[in-house]
Amino acid sequence: MLADTPETRELSPADALEAALDWWREAGVEDDFSNEATSWLAEPEEKQAVASPKPKKPPEEPKQTPLERAFEGTAGEAAIGAGDGALPASLEKFREWWMSDKSLHHAGPELRLPPRGVAGAKLMVLVPEPVDGESEALLSGAPGRFLEAILGAMGIAPHEAYLASALPAPLSLPDWDRLAERGLADVTRHHIALAAPHRVLAFGRSLAPLFNVAPEMAREPAVVTAGDNTLPLLLAPELAELARSAPRRRNFWNRWLEWTA
């Protein structure tokens, strides 16, 4: 009689794998070798979600060329101060207007510097514009220290001088003739009238158009009509020119002595 054939049973995948491993262990094979590297780590699943697009950068404003910067603030613009009507009637209001009026300069308030001093000073000192790098106050850098030495030699204390600039912020290659025509000359005279100094000393003969002084007369003492007053005016070389030239300092000092004699 034949023995009963045992019933076959189906192995689960786990049991089949375990049986295969047992067979290899009994055969003395415990390690798996291959000439090719095998990655035993599961590959990361690809994310099915669609990532949100990165926010687009705002379009950059086109950079100005040197030629465009040279003509900046001069072509096709309205008259200075015309948009706000009459100019401020007090020195305090004028300083507020000076720091914000867009027709006066394209720069924002953070790049502008106000005048320094009080009304009725012995001398009003006018420079073309703040020097690049000045951020705390007008004439607070090297030109300001040089000016302090000049005022000391003149016998004028710091509180006796009113310091101002023709523009509230630097401007690339300002065309003073064009600016004067647009209304900066009227603004300058109005500023002087509010400050009410005894004399006006302008460092920079390029400012002559603001006072209606012809270029050939820029070296001679002049006057400026500011409101109801006519004040003595002297145009001198810029502070930087005086600082680097001993002959110009000597000539300036002689002219100052003659002007104040």
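Note that the numbering runs from 1 along the sequence shown for the chain.
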Cluster overlap Phe252 with Val200, hydrophobic side-chain contacts below 4.5 Å = no

Please work out which of the three classes, parallel, tilted or perpendicular, describes the rings of Tyr162 and His191, given edges at 30° and 60°.
-> perpendicular

What pair of heavy atoms forms the shortest contact from Arg112 to Ser100, and how long is it?
-> NH1-N, 3.6 Å

Transitive ILVMFWY side-chain link Leu111 to Leu113, under 4.5 Å | no

When you look at CZ of Arg255, are more than 12 heavy atoms from neighbouring residues, nucleotides or ligands closer to it than 6.0 Å?
-> yes

Closest approach of Leu201 and Trp256, non-hydrogen atoms and distance?
-> CD2-CZ3, 4.4 Å

Side-chain (Arg248) to main-chain (Leu242) donor-acceptor, under 3.5 angstrom | no

Quick one: do Val187 and Phe94 satisfy side-chain contact (heavy atoms from CB on, under 4.5 Å)? Show the steps, please.
-> CA-CA 10 Å; Val187 170; Phe94 181 85; 4.1 Å; yes

Are there more than 12 heavy atoms of other residues, nucleotides or ligands under 6.0 Å from atom CD of Glu96?
-> yes

Looking only at heavy atoms, what is the nearest atom pair of Leu167 and Trp98, with distance?
-> C-CZ2, 3.5 Å

Are any of the side-chain heavy atoms of Pro115 and Met124 separated by less than 4.5 Å?
-> no

For atom CD of Glu136, is the number of surrounding heavy atoms from other residues, nucleotides or ligands below 6.0 Å larger than 12?
-> no

Are any side-chain N or O atoms of His105 and backbone N or O atoms of Pro170, one a donor and one an acceptor, separated by less than 3.5 Å?
-> yes

Closest non-hydrogen contact found for Ile192 with Ala226 is CG2-CB, 3.7 Å

